[in-house]
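Just so it is clear, the structure is predicted and the values come from calculations on it, not from any experiment.
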Number of protein chains: 2
Amino acid sequence: MDQTQAPRLQPAARLMLRESVYESLKRLLMDNALEPGSRLSIDGLARELEVSQTPVREALFRCEAEGLVVRRPNAGYLVAPLITRDALLDLYDLRLLLEPTAAARAATNATDRDRRDIKDAVRAMGPAVHGDSYQAYREFAEEDAKLHTTIATAAGNPLIAETLDRLRAHVHSYRLYFRHGIAEVTTTEHQAISDRIQAHDPPGAEQAMRAHLENSRTRLLAAYDETF
Amino acid sequence: MDQTQAPRLQPAARLMLRESVYESLKRLLMDNALEPGSRLSIDGLARELEVSQTPVREALFRCEAEGLVVRRPNAGYLVAPLITRDALLDLYDLRLLLEPTAAARAATNATDRDRRDIKDAVRAMGPAVHGDSYQAYREFAEEDAKLHTTIATAAGNPLIAETLDRLRAHVHSYRLYFRHGIAEVTTTEHQAISDRIQAHDPPGAEQAMRAHLENSRTRLLAAYDETF
DNA sequence: CAACCGAAAATCGGATACGATATTGGAAAT
DNA sequence: ATTTCCAATATCGTATCCGATTTTCGGTTG
């Protein structure tokens with residue numbers, strides 16, 4: 001019964017190692033633990049995370065597809081730079097095409113379950129602002145993303161929700177606010193959207209969402225311009 | 001100077017092997033050379049394409065992200081099933097949210113270069129219909145995708161063009177038409193869109209694009225219902 | 001002193017082999 | 001005919017090696 005093999009700290013963790021590496025990397029990136037523009041060496045990450053290179057490469061591959069890192073052929077990966085001002089405007093432009101419509105549809109199509117989820121998501125965001133730490137804002141950003149996703153899902157076309165998720169708007173704003181400092185948070189705008197959806201008021205929901213996005217864009221641009 | 005090494009047929013093809021594997025796989029999938037739902041073994045593909053497993057795994061990873069294949073954890077990959085009728089409706093729903101607006105914007109924002117590209121793309125689609133083969137329709141589908149991308153790009157917000165590309169609408173319709181038989185092709189609708197953009201007529205372009213998408217949806221649904 | 005050049009070091013893309021684990025398909029048994 | 005069990009097979013991750021390219025760094029030159 002003696003172990004002739006070298007002892008394994010993690011005996012072949014069958015829990016989808018590539019996923020956990022991806023999550024670890026994403027967290028490192030989102031928390032700005034890695035400076036935008038700095039290099040990401042494959043086996044450096046492998047050593048740091050104590051896994052082999054295979055799952056690291058797959059995680060980087062995925063992050064590249066999501067725009068979190070950029071690849072230079074035969075020269076490794078870099079942490080993706082912060083979103084530019086122009087790209088930020090494009091992002092909100094697209095959101096303004098999709099989300100007000102989604103909110104209006106949610107006001108008619110949402111199931112009771114959907115409406116409850118939306119109400120819960122708004123309520124969950126109140127306490128998240130308490131702490132002054134980055135961690136607190138991070139939680140807020142995640143809750144915010146969840147609310148918008150819930151509304152888009154309630155609209156009835158899953159493709160719209162997927163498309164919005166893919167924009168990772170909350171990642172960009174989080175990374176910006178991280179540099180600028182904690183932003184004030186407006187629960188009232190979210191409350192207004194939820195109210196109009198609960199009231200089965202499509203035009204109201206659409207308008208509330210549009211106003212929220214436009215205000216959000218203004219706040220984020222102000223943060224951007226103050227930082228740079 | 002004698003080569004003690006075994007001769008290499010492709011001396012370390014530095015042309016990004018993962019890319020070419022991805023392209024090969026995508027072509028196999030699009031041409032329905034692989035039945036939807038059938039299994040895709042990693043080293044089976046590796047042997048067939050005469051590469052090692054490493055680039056195959058990365059190509060499959062990418063195809064999974066694009067929805068061309070589906071993965072069952074610890075049990076390999078399957079060729080993704082054809083799009084469902086509901087998903088087809090969702091797809092056109094989203095396109096109708098984005099593309100008419102994009103066409104209207106293109107009518108105002110397009111540069112001279114953009115307008116020329118659009119004109120060329122429409123012109124290129126005339127001859128492509130000639131052959132009766134699948135190959136001919138494949139070329140048409142690619143040209144069609146290019147036209148829509150060009151218009152979206154001319155609208156000025158690259159994020160919109162990316163979003164539309166990611167839907168891979170032409171892949172879905174190609175795979176459907178492949179099963180159903182060759183569909184007739186309407187160049188007149190494309191011509192109308194191009195005309196309105198060339199004439200700097202935003203409402204006209206928007207309307208022409210909307211009509212085109214609605215007709216396209218009708219045609220594709222008819223093909224779908226006849227097939228199943 | 002700055003700019004350029006070339007060799008060494010680091011790193012990437014890929015190949016290959018191997019172990020552990022999970023799935024699968026078929027034979028045996030109820 | 002349905003269930004159980006087992007062997008074959010495939011995936012996922014590890015470890016290691018290789019050629020090619022990129023980067024870095026030191027030295028030479030204008």
Side-chain angles (χ1 to χ4, degrees), chain A residues 1-25 28 34-35 37-65 68-80, chain B residues 1-25 28 34-35 37-65 68-80:
Chain A
M1 275 26 164
D2 69 343
Q3 302 111 301
T4 54
Q5 298 292 347
R8 289 182 151 281
L9 296 176
Q10 297 176 350
R14 302 301 291 171
L15 305 170
M16 209 53 61
L17 201 46
R18 70 171 75 168
E19 299 296 333
S20 78
V21 169
Y22 167 74
E23 293 296 336
S24 303
L25 182 53
L28 284 175
L34 304 168
E35 194 71 13
S38 64
R39 298 192 51 174
L40 284 177
S41 113
I42 288 184
D43 69 4
L45 279 172
R47 259 180 282 112
E48 189 153 354
L49 299 175
E50 297 181 319
V51 297
S52 83
Q53 296 187 9
T54 308
V56 172
R57 283 166 77 167
E58 292 176 349
L60 282 170
F61 216 69
R62 184 159 161 191
C63 285
E64 185 200 0
L68 292 172
V69 305
V70 295
R71 187 174 71 86
R72 289 174 305 166
N74 298 320
Y77 293 85
L78 302 179
V79 178
Chain B
M1 276 19 163
D2 68 344
Q3 301 112 297
T4 54
Q5 299 292 348
R8 292 182 149 281
L9 296 177
Q10 296 177 351
R14 304 305 290 169
L15 306 171
M16 209 57 58
L17 201 46
R18 70 173 73 166
E19 299 294 334
S20 77
V21 169
Y22 166 74
E23 293 296 338
S24 304
L25 182 53
L28 286 175
L34 304 168
E35 193 71 14
S38 63
R39 298 194 51 175
L40 285 175
S41 116
I42 288 183
D43 69 4
L45 280 171
R47 258 180 282 112
E48 188 154 353
L49 300 176
E50 297 181 320
V51 296
S52 84
Q53 298 186 9
T54 309
V56 173
R57 284 166 76 164
E58 292 175 348
L60 282 170
F61 215 72
R62 181 159 162 193
C63 285
E64 184 199 359
L68 292 171
V69 305
V70 294
R71 189 173 71 87
R72 288 174 307 165
N74 298 319
Y77 292 85
L78 301 179
V79 179

Assign B:Thr54 to base, sugar-phosphate, or nothing according to its heavy-atom contacts below 4.0 angstrom with the strands shown. base
Counting only non-hydrogen atoms, which of residues 55-63 of chain B are less than 4.0 Å from DNA chain D? B:Arg57
Indicate the atoms forming the closest heavy-atom contact of [X] with [Y], along with that distance.
X: A:Ala59; Y: A:Val21; value: CB-CG1, 3.6 Å
X: A:Val56; Y: A:Ala46; value: CG2-CA, 3.7 Å
X: B:Arg71; Y: B:Pro73; value: NH1-CA, 3.6 Å

Which of B:Leu25, B:Leu40, B:Leu28, B:Val69 passes side chain to side chain contact (heavy atoms under 4.5 Å, CB included) with B:Val79? Answer is B:Leu40
Starting the side chain at C-beta, find the nucleotide from [options] nearest to [X].
X: B:Asn74; options: C:dA15, D:dC12, D:dT14; answer: D:dC12
X: B:Arg39; options: D:dC12, D:dA10, D:dT24; answer: D:dA10
X: A:Ser41; options: C:dG13, D:dT11, C:dC12; answer: C:dC12
X: A:Ser52; options: D:dT11, D:dC12, D:dT14; answer: D:dT14

N/O (side chain, A:Arg72) to phosphate O (OP1/OP2, D:dT21) under 4.0 Å: no
So, is B:Arg18 close to the C:dG14 phosphate, meaning a side-chain N or O under 4.0 Å from OP1 or OP2? yes
When you compare the side chain of A:Arg62 with that of B:Glu64, does any pair of heavy atoms fall below 4.5 Å? no
Using a 3.5 Å limit on both distances, find every run of at least three consecutive Watson-Crick or G-U pairs that involves DNA chain D. C:1-30 with D:1-30
From [atom1] ([X]) to [atom2] ([Y]), nearest 0.5 Å:
X: B:Leu78; Y: B:Leu34; atom1: CG; atom2: CG; result: 11.5 Å
X: B:Tyr77; Y: B:Arg57; atom1: OH; atom2: CZ; result: 8.0 Å
X: B:Ser24; Y: B:Glu50; atom1: OG; atom2: CD; result: 11.0 Å

Name the residue closer to the 5' end of DNA chain D, choosing between A:Ala75 and B:Arg47 according to the nucleotide with the nearest heavy atom. B:Arg47
